[in-house]
Structure formats: structure tokens, C-alpha cells
Amino acid sequence: MYYLIVRNLGAPRCVDRSEEDLYEDGMSFDCTPHLECNPKEFVKEVEITCPEHPDDPIIAMVFRD
Amino acid sequence: MMRNFLFLIAGSILLFVLSGCTSVRRFKTAKYMGTDNDLVDVELFSSRLTGEPVMVQEKNLWTLSANAQTRLVQILNERYPDNEHFMSAMSGSFGSTEVSVQDLTRKDLRMVFSINKNRDFSLLNEISGRFSPADRIEYLNFSLEIPDSYRLRFHEWNHYATEYGEIDIANVSFSRSLDLSVEGSPGGADLGSDATLGRNEKQVLSKRYLKLNGTISDHRMLMEEEGTREVDLCGNVTADVSLEFDGFPEIVMVPVFVGTGSGALELSALNFINVEVPAMVDAPDTLYAMLSLDYIYRHVQSGWQTFAEWDDKVEYYQGKMSKKVPLFLKKDYLPSFFCIGTDQGEKHVLKFRKSSEKEYLLQFGNYRDASRFLEWLQDPVLRPTDPVYLGSNKLLYKGAPITPGEMPANQFKVLPVY
């Protein structure tokens, strides 16, 4: 399982999870969920946006279990 | 003929003397002396936030008008003759009003800059000294710059005040002049009724003004002051500005409780509010800005014994300085959200499932809401083995539904989110 984790004000949160590594730069995700995740191995960094702020990209980290 | 010629000569001399001795002159001589960066200093000695938005205002007895309060007390008195129940009903709330502002990214900041000149009286009579009691700061240009990395920007000016007057502004730039009264004491000189000034000179002096300019851009605010005769720019400058962080979306729960006759709280409604909080990867303890100052210093080499400036031999110095100053503390910009959970070892908090695969943090906009919600969760009225629903949303702990019966064993408490 792959996890997409964003960090804001020092607090990390898992906003998406997927069986495959679908995460790429420029994708948009709902940034409000706090999913239960089990991140163990860092995979990569991607630049995503939240739908509320399409012009303000944020750095997210992809992990896998 | 000779007599007329003598009168003409005498008149010319008198005119020459009068024009040379008038206080309309700015100085006797002026000379640019170069750079000296140690004559003036600036400090940001106070910066504080004002006007934190309130997300939800609770309705209770005390928020009503006087007539409504009287009527409500009469109704409660009829309905609850027992004193204990009556007091309990009086302290209850009966709904809430959502305030339209749910944006926590905007901060109103009041900054007080203190501009000082170095006063070294031991150099008073030294030719090479650069201090006299008549010295003044003639021109100031100071700026405050925020690093790009904070994702914080200046939004607008609200107010700008100096020792000599103040102006209200509501735009991103301004340029105005302030008239000064002769009765004031600009530059420390008393120009009141004791001053021996002619009528014309008084009229001229009454038009003295201090020039203020300011501009603001995303990451920089710039203030410029220019004092005319006898106006020393030394002193405090207050600037009120609005700052805005980039936004990050959050969902905050606002529970609405009503008091029951037994004194217990009953959950009557749950509101989910979309809130914007500052977008910043980390939360540094202090946010810093770069304060820079350029100035022109008017040193009076001789002639400082008089208040008037026309007899001054002036030496001009220019200087600059810059320093890093603290702008915000962590507590100033972090939203004070609270959640419910346990922090023994690893931190685990309550969440809720809104739809399949979508879980959200159960967070509250203040400690009181979180505390009351936790109290309600532990109410024995709730069936101990049934999962807790918030409307149609299921309450979760460590990814699984939680029941009121499991609450005591987990020793839940109210925790800060950040």
C-alpha cells in the first residue's frame, strides 16, 4: 500500500492511500482527511495541490508499508 | 541728494541684515560629510496581534437584549420552580451563530518601531564630535521584509502613527502631510507665546509639516518620513498592518449543547465548519523579518545654542543599518484547535468517518467545545455498547468504531492538535 502524506504546521497527515504508486507532480487531492496509514519506507516527494488552493502547490511525501 | 543716497545705502544694509538673520532660512551653511552608520538605531520593540476571529458565538442568556433576558428569566422561573434546576437552565445555551469569518490566515499586527539617535554629551564641545543638542534626524526610510519561505505576505495598511500625528489608511499605499501646531514643541523647542517671533514668521511656522510615505508589497513594507524645520524624527512609529498566510483547509466540529432539567448537557446539533489555517510545513518557534533603515542625520556643528535654525552650520551624514527582528511567536499564528485522544506513548486521537475511505480528525475550535464533547461522550445516558454516531458519521479510534463503554479504559483527554 502507498500513502500520500502532507505536513502542515509541523503535523503530518495521510490524505490518500492506494494499492499502486499513482502519485505524480501536479495532481490534486482533498487535503482535509486524516486516514489511518502505516508509512514505513519513503518513496518520493511530489508536488500536489489542494482543490481550495489550485495555485499554491505543496510538497507531499509518498511512503509505502 | 547725498542724504537720499545715504538712506539708500542704510536701507540696503538693513535689508541685507534682515534677510540674513531671518528664521525663514534653513541653515547658515550645509556640508555633506559622508557615511556614519552609528548615529541612529531602530528597534521593533513591540509587535502584537489583534482581532483574532471568533468562529462561533454561542447564544445564551447573556447575549440577549435586556427585554429578552427579562422574558427568558420569567419563563425559566415558571418552568423550573426548583432553585437548582432554575440556575442550571439559566446557565445553558440554546444554539449558536456561525460568524462569517472562518479564515485564520489573516492576522492584524500592530508594530511599534522605536527610532533613537545616539546622544553622547561627552562630545558636545569637540570639533570632531558628531553630537549637539540641536541635532536631528531629518529623513528616514525604513522597511520590514518577510522571507518568502514563510508563505506570509502583507495584505494592507490599517493605520500609521508617529510622534507628530497619525493618519488612518485603508489602502496599500499612502502619502499625506500633517499640519503641526505652533503650540507644540517640535524638536524640543517651545514655540508658544513666549517665543519672540514676528507675525509673519508665526504664519510660516504654522505650516510646518511632517511628510509620511508608505508602500506595501507582498513581502515588504516601506515607510518614509521627512521632517521639515526643527522636526526631529526620533521617537516611536506605530504601524498597523494586515498580514495573510497562504491557506490550508481544515474541518472543525462545533457541537451545540443544551442544558437539560437534570443539569446534564445534551448534544442538540453538530456543525462542521471549513476553516482556513496558515499553510506552513513546519511551525518554527519564531517568525523573523528583516528590518532595514536608511537615514539622513543633521548635525549642527555650530549655532546649536539657539532654537532657530537659520544660524546653524550644518553637517549632513547618511547611514544605514539592518537587523533581524522577531515578528510572530508560534502561539501567535498556530490555530488553537483541540482534539480528544490519548498521548501515553504514541498519540492517538478520535476521528470520524464521513464516507467510506474518508476519515477526518475530530477537532474543535476551542478547549471548551472539546471538553464538553468529551464530557458528553462519557455520559452514562449513551448506550455503552453501541458505536457513537455524529449525525451520520461514525466515531473512530485507531481506525475502528468506538463505543461509550470503551471510553473510561482509554483515559481520553483533551489534547492540542498542534
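Within every chain, numbering begins at 1; the chains are lettered A, B, ... in the order of the sequence lines, protein sequences first and strands thereafter. Heavy atoms only: backbone and side chains are in, while hydrogens, waters and symmetry mates are out.
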Please report all inter-chain donor-acceptor pairs (under 3.5 Å) between chain B and chain A, with distances to 0.1 Å.
unit_1, atom_1, unit_2, atom_2, d
B/Gly247, O, A/His53, NE2, 3.3
B/Glu250, OE1, A/Arg13, NH2, 3.0
B/Glu250, OE2, A/Arg13, NH2, 2.2
B/Glu276, OE1, A/His53, NE2, 2.5
B/Glu276, OE2, A/His53, NE2, 3.3
B/Pro278, O, A/Asn8, ND2, 3.1
B/Met280, N, A/Asn8, OD1, 2.7
B/Met280, O, A/Leu9, N, 2.4
B/Val281, O, A/Leu9, N, 3.3
B/Val281, O, A/Gly10, N, 2.8
B/Asp282, OD1, A/Arg7, NE, 3.2
B/Lys351, NZ, A/His34, O, 3.1
B/Lys351, NZ, A/Glu36, OE2, 3.0
B/Glu359, O, A/His34, N, 2.7
B/Glu359, OE1, A/Glu36, N, 3.2

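- The contact between A/Cys31 and chain B is made by backbone and side chain atoms together, counting heavy-atom distances below 4.5 Å.
- A 6.0 Å sphere centred on OH of B/Tyr389 holds no more than 12 heavy atoms belonging to other residues, nucleotides or ligands.
- The disulfide (SG to SG under 2.5 Å) check on B/Cys339 picks up nothing, with sequence neighbours excluded.
- Looking only at side-chain heavy atoms (C-beta outward), B/Phe248 and A/Leu9 stay at 4.5 Å or farther from each other.
- Taking B/Pro335, B/Pro284, B/Gly247 one by one and counting their heavy-atom pairs under 4.5 Å with chain A, the maximum is reached by B/Gly247.
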